[in-house]
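Below is one structure, written out as structure tokens; comments come after it.
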Amino acid sequence: MEREENMYNFSKIEKKWQKYWEDNSSFKVENDKSKKPYYILVEFPYPSGSGLHVGHVRSYTAQDAIARLKRMQGYNVLYPMGWDAFGAPAEQYAIKNHIHPSEAVKENIKTFKGQMKSLGFSFDWSREFSTTDPEYYKWTQWQFLQFYKHGMAYKDTIPVNWCPNCKTVLSNEDAAGGVCERCGETVVQKEKSQWMLKMSDYAEDLLKGLDDTNFADKVKLGQINWIGKSTGVEVDIDLSTGSKFSIFTTCIETIYGITFFVIAPDGKLIKELMPNVENKEEVLEYIEETKKKSNMDRTELNKGKTGVEVKGIKAINPVNGKEVPIFLGDFVLGDYGTGAVMAVPAHDERDYEYAKAHNLEVIEVITGGDLKEKAYEKYDYLENPDARLINSEEFNGKSVMDAKKSITDMLVKKGIARVVNNYKMRDWIFSRQRFWGEPIPMIYCDKCGWQPMDEKDLPLLLPNVAEYEPTDNGESPLAKITEWVNTTCPKCGGKAKRETDTMPNWAGSSWYFLRFMDPHNEKEFASMDAMKYWNKVDWYNGGMEHTARHLLYARFWVQFLYNIGLVPNKEMIWTRISHGMILGENGEKMSKSKGNVVNPDDIIKEYGADALRTYEMFIGDYEKDASWSENGLKGCFKFLDRVYRLGEKLNGKDEYSKETEILINQTIKKVTDDLLNIKYNTAVSALMILLNELEKLDSVSNKDYRTYLHLLNPIAPHITEELNEKYNLGDMFINSSFPTYDSNKLENNTYTMVVQVNGKVRGKMEVDSNTSEDDMKSLALTIDNVKFYTDNKEIVKVIVIPKKLVNIVVK
RNA sequence: GGGCGUAUGUCGGAAUCGGUAGACGAGACGGUCUCAAAAACCGUUAGUAGUAAUACUGUGUGAGUUCAAGUCUCACUACGCCCACCA
């Protein structure tokens with residue numbers, strides 16, 4: 001069985017090279033200032049119990065290809081990997097099995113790491129860490145203290161999702177649809193005191209900072225939408241009781257149309273008004289009802305506009321002195337704007353619905369924008385250039401834009417209004433009532449209040465106990481561990497208690513990319529020197545689902561660190577790209593319940609890591625979702641097998657074969673360009689085309705073959721190194737420069753000229769590349785089929801596109 | 001309701017600047033090898049008509065701009081994702 005000996009034995013080959021890379025620390029990188037840095041990052045995974053997903057393989061391979069390419073182009077490439085290992089699943093597992101979550105995490109990391117190594121990713125493992133390492137979360141805690149010390153962290157009482165059955169606080173994700181994900185009980189809102197980070201202070205900077213990034217437009221847009229800036233006017237409104245309140249509006253031009261005001265049942269304003277309210281019971285009851293509704297109920301069921309009138313108090317329209325009633329309505333949010341709105345039912349859909357439900361007056365103040373029963377468009381008057389104000393005293397007849405400005409000016413002049421920006425983005429709720437997270441390093445003393453821990457005492461370690469269930473009142477499980485909770489006040493030395501809430505999962509992942517620059521630093525989270533060397537993450541890849549929140553949190557974190565002088569750039573991430581999901585063979589999202597999960601281990605066993613890597617690069621547009629296909633995978637395996645067998649045709653020559661020299665140069669250009677433009681699928685396709693051509697030759701030169709393997713190396717690193725060694729073609733690819741093309745050899749000396757008549761292809765002709773435009777014209781007219789369509793017709797115009805086509809327009 | 005994106009053979013998908021639509025892969029069909037099968041190799045493969053050359057039709061639908069439209073403009077339909085009573 002001679003053929004057996006010489007077969008593509010991927011399993012043996014891949015293990016051999018993986019061992020070589022590991023034994024030689026081939027991808028270990030130093031902060032070497034003599035070399036140009038290039039920092040490639042993939043989102044570090046949450047090491048779940050189910051192991052690596054084929055979706056991970058897609059993005060890690062893509063970035064690995066870039067890393068390998070950039071190394072061969074002479075860059076000092078940092079391509080690190082670590083673990084985002086705090087989080088609920090490990091905690092659930094711990095509750096069930098009564099072991100410390102860190103044990104489960106350790107096991108899972110081992111699995112993940114083994115899988116990554118079996119895929120040949122060129123990570124620098126010397127920089128590996130987990131967010132759960134005390135040496136790491138020490139610095140997460142330290143940075144929290146900096147937020148606190150700079151007035152950026154504060155405690156506030158805000159409502160949280162609460163499951164009365166499980167007696168636990170739920171994240172918005174776990175409370176999706178207004179029911180507890182675990183038991184199905186209706187989720188209610190419960191007030192809790194929580195640590196907050198003042199992210200809203202950074203809204204404008206986070207918008208501006210986008211100019212200093214190279215994020216894709218859709219990523220930038222995601223950030224902009226999340227921040228949700230809107231410019232409007234805040235107006236003071238006098239009350240019949242003598243006090244006043246403020247409202248926020250973006251449609252100040254409709255102010256004469258106010259027929260009532262609506263205030264948020266969960267806001268602070270209603271509490272202030274309470275003493276003067278005549279129907280206290282009714283109002284309180286409505287407030288209680290609102291609390292029972294989860295956010296989902298409030299937003300999803302937007303049909304009924306519920307609410308009650310706040311009796312005994314009237315509000316006065318500042319422009320005409322008209323007294324109008326005040327209502328409570330849960331469509332007004334307590335934490336956006338001022339928690340109160342002016343209601344102009346003639347020109348706002350929600351106000352209109354509310355007015356209809358409660359039989360309130362409707363006053364039209366803009367023509368061409370009135371609200372008819374059915375066809376209502378919120379801003380139709382804004383798009384109507386003829387819309388003019390009516391019923392608005394001296395502003396009658398003005399255009400909308402004009403009125404917006406003059407009414408604002410008038411109110412500002414009077415000193416009762418201000419132009420303000422509002423942002424949908426809120427402050428970051430930083431507390432979680434969970435065990436498995438970074439403990440918040442704060443201590444509460446009855447005498448001195450909240451005190452930060454002394455930085456010297458960090459890290460504040462998670463205790464080692466056997467019970468991880470949350471307490472009945474929603475406190476973190478840490479609250480039950482009295483020996484941990486009880487401590488002394490850092491200020492007065494008296495008895496004090498630790499904060500028992502932990503940080504959210506987003507905390508550790510907000511700065512991990514900085515730590516990779518200097519992962520073993522014991523004195524700082526990373527030295528300024530190291531950060532200045534690496535400068536920025538050049539190329540950051542992750543899922544679409546993280547382009548809004550994670551990226552925003554990370555940018556906020558970095559901007560804060562920059563403002564206090566701890567990082568060198570205000571934006572530490574340059575390019576961000578997002579990959580599409582790998583779906584199951586049936587086009588649905590992979591899940592155990594649907595039985596369409598593909599395990600990368602099985603694929604590696606049957607087809608090899610290189611085939612899996614090649615297939616996932618070839619599967620389709622990197623930024624779009626793609627369905628798994630076993631046949632597609634087989635095709636890529638066949639492709640590699642053919643590359644392997646091409647070696648049998650070597651002729652020993654050290655120059656490109658004449659027949660393919662042009663195509664090889666074109667392919668070098670195409671593969672290089674495509675890889676750097678996230679067009680992995682066409683890079684693979686170009687290599688397939690070149691292989692098809694090389695196979696047609698009687699023999700292949702050593703230079704043809706080595707160049708071919710070199711080009712394929714970033715995508716399929718094992719088989720290419722093996723063949724290069726087997727046929728003794730030259731240095732190992734990890735030690736050689738990536739091929740470059742000769743720009744004089746990108747074009748053949750002939751090309752196929754296309755001839756159209758009236759835009760339809762009527763003929764083709766092989767012509768010399770130097771053919772002049774005039775010659776192209778006359779040659780075109782010699783083609784029989786072209787003559788057939790042009791004879792006896794008047795030639796109106798001839799369009800010549802050099803090196804492409806001739807279009808003859810006839811009448 | 002708002003924002004973003006997508007729509008191309010049987011399937012995944014190509015098509016840089018508006019210039020040969022369907023690259024490349026899969027599948028299917030036919031063939032070579034074989035006792036046979038698998039593997040491998042060779043060929044065909046958008047539709048319709050034709051032995052063929054070739055012609056007509058064709059990139060979700062309808063209009064438009066242009067010598068020329070998958071690509072640009074407008075309207076519409078379907079699907080996907082994100083946000084969502086944000087004043």
Side-chain angles (χ1 to χ4, degrees), chain A residues 3 217-219 221-222 224-226 228-230 232-233 247-251 254 262 264 295-296 298-305 329-333 335-344 348-351 353-354 376-378 422-426 544-545 547-549 580-581 587 615 618-621 623-636 638-639 641-642 645 670 673-674 677 679 681-689 691-692 695 752-764 784-785 788 796-801 803-810:
Chain A
R3 179 85 179 87
D217 283 346
K218 64 175 178 180
V219 174
L221 222 85
I224 291 167
N225 287 340
W226 194 277
K229 179 177 180 173
S230 68
V233 185
I247 57 100
F248 173 74
T249 180
T250 54
C251 300
T254 62
V262 187
N295 284 333
M296 266 322 192
R298 275 175 76 169
T299 55
E300 235 173 39
L301 309 170
N302 66 12
K303 291 158 202 159
K305 287 281 181 289
D330 63 9
F331 78 89
V332 177
L333 307 173
D335 59 350
Y336 180 78
T338 60
V341 300
M342 64 181 214
V344 183
D348 181 278
E349 188 177 14
R350 289 157 310 161
D351 296 351
E353 279 174 21
Y354 197 92
Y376 175 80
E377 303 263 327
K378 191 174 176 188
N422 263 310
Y423 302 89
K424 288 185 201 177
M425 189 182 76
R426 315 293 156 90
M544 260 328 265
E545 70 277 18
T547 51
R549 298 185 73 183
M581 263 189 299
Y615 172 59
F618 186 59
I619 195 167
D621 185 334
E623 297 186 272
K624 289 189 201 143
D625 291 352
S627 300
W628 183 263
S629 155
E630 179 100 18
N631 281 326
L633 173 71
K634 279 183 196 161
C636 288
K638 267 163 69 179
F639 162 65
D641 194 34
R642 281 164 56 205
R645 291 190 321 250
K670 174 102 179 130
D673 291 351
D674 281 358
N677 287 299
K679 303 182 96 177
N681 54 337
T682 47
V684 176
S685 145
L687 286 164
M688 287 173 169
I689 292 168
L691 178 66
N692 290 343
E695 279 180 337
T752 308
M753 177 178 77
V754 172
V755 183
Q756 299 179 330
V757 179
N758 285 347
K760 296 206 168 188
V761 180
R762 297 301 182 190
K764 293 175 189 179
D784 285 344
N785 200 39
F788 178 81
V796 183
K797 207 200 273 188
V798 179
I799 287 127
V800 180
I801 308 295
K803 297 196 175 173
K804 274 230 168 78
L805 63 70
V806 175
N807 187 12
I808 302 160
V809 186
V810 297

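Reminder, nothing fancy here: chain letters follow the sequence lines and each chain counts from 1. Because only heavy atoms are used, hydrogens play no part in the values below, and waters and symmetry mates are left out as well, while side chains stay in.
- Applying the 90° cutoff around 0 to the glycosidic angle, B:G12 is assigned anti.
- At whole-Å resolution of the value, CD1 in A:I247 and C1' in B:A87 are 8 Å apart.
- Paired runs in RNA chain B that reach 3 or more consecutive Watson-Crick or G-U pairs, where each pair keeps both distances under 3.5 Å, cover B:1-7 with B:77-83, B:10-12 with B:24-26, B:27-32 with B:40-45, B:46-49 with B:54-57, B:60-64 with B:72-76.
- Between A:F788 atom CZ and B:A53 atom P there is a gap of 16 Å when expressed in whole angstrom units.
- In this structure, of B:A87, B:A14, B:A15, it is B:A87 that holds the atom nearest to the side chain of A:R350.
- As rounded to whole Å, 19 Å separates atom P of B:U16 from atom NZ of A:K803.
- For A:R426 against B:C86, a side-chain N or O and a base N or O form a donor-acceptor pair under 3.5 Å.
- Distance A:Y354 OH to B:A87 P: 19 Å, rounded to the nearest Å.
- Between A:N681 and B:A14, a side-chain N or O to OP1/OP2 separation shorter than 4.0 Å is present.
- Per the geometry, CG belonging to A:N692 stands 13 Å off C1' belonging to B:C41, to the nearest Å.
- When each of B:A55, B:A15, B:C24 is scored by its nearest atom to the side-chain atoms of A:T682, the top-ranked nucleotide is B:A15.
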Which atom pairs link the protein and nucleotides 37-40 of chain B when you take only N or O atoms and keep those under 3.5 Å?
{"residue": "B:A40", "atom": "O3'", "partner": "A:R645", "partner atom": "NH2", "Å": "3.1"}

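- Dashed line: the shortest gap from a side-chain N or O of A:N631 to OP1 or OP2 of B:G27 is under 4.0 Å.
- Residues forming a side chain to side chain donor-acceptor pair (under 3.5 Å) with A:E623 (at least two apart in sequence, or on another chain): none.
- The closest side-chain donor-acceptor pair between A:N422 and A:S230, if any, does not fall under 3.5 angstrom.
- Side chain of A:S230, nearest nucleotide from B:G27, B:G12, B:A87: B:A87.
- One atom, NZ of A:K760, and another, P of B:C56, lie 5 Å apart when rounded to the nearest Å.
- For A:K218 and B:C4, the shortest distance from a side-chain N or O to OP1 or OP2 is not below 4.0 Å.
- Rounded to whole Å, the distance from CZ on A:R762 to P on B:A68 is 14 Å.
- In this entry the distance linking CG of A:L691 with P of B:G25 reads 9 Å, nearest Å.
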Shorter than 3.5 Å, N or O on both sides, protein versus nucleotides 18-21 of chain B: list them out with atom names.
{"residue": "B:G19", "atom": "N2", "partner": "A:Q756", "partner atom": "OE1", "Å": "3.4"}
{"residue": "B:G19", "atom": "N2", "partner": "A:N807", "partner atom": "ND2", "Å": "3.3"}
{"residue": "B:U20", "atom": "O2", "partner": "A:K764", "partner atom": "NZ", "Å": "2.6"}

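- Remark: A:S627 pairs with no residue by the side chain to side chain donor-acceptor pair (under 3.5 Å) rule, at least two apart or across chains.
- For the 3.5 Å distance criterion, the side chains of A:N692 and A:R642 qualify, holding a donor opposite an acceptor.
- When the side-chain contact (heavy atoms from CB on, under 4.5 Å) test is applied to A:A548, the partners found at least two apart in sequence or on another chain are A:W226.
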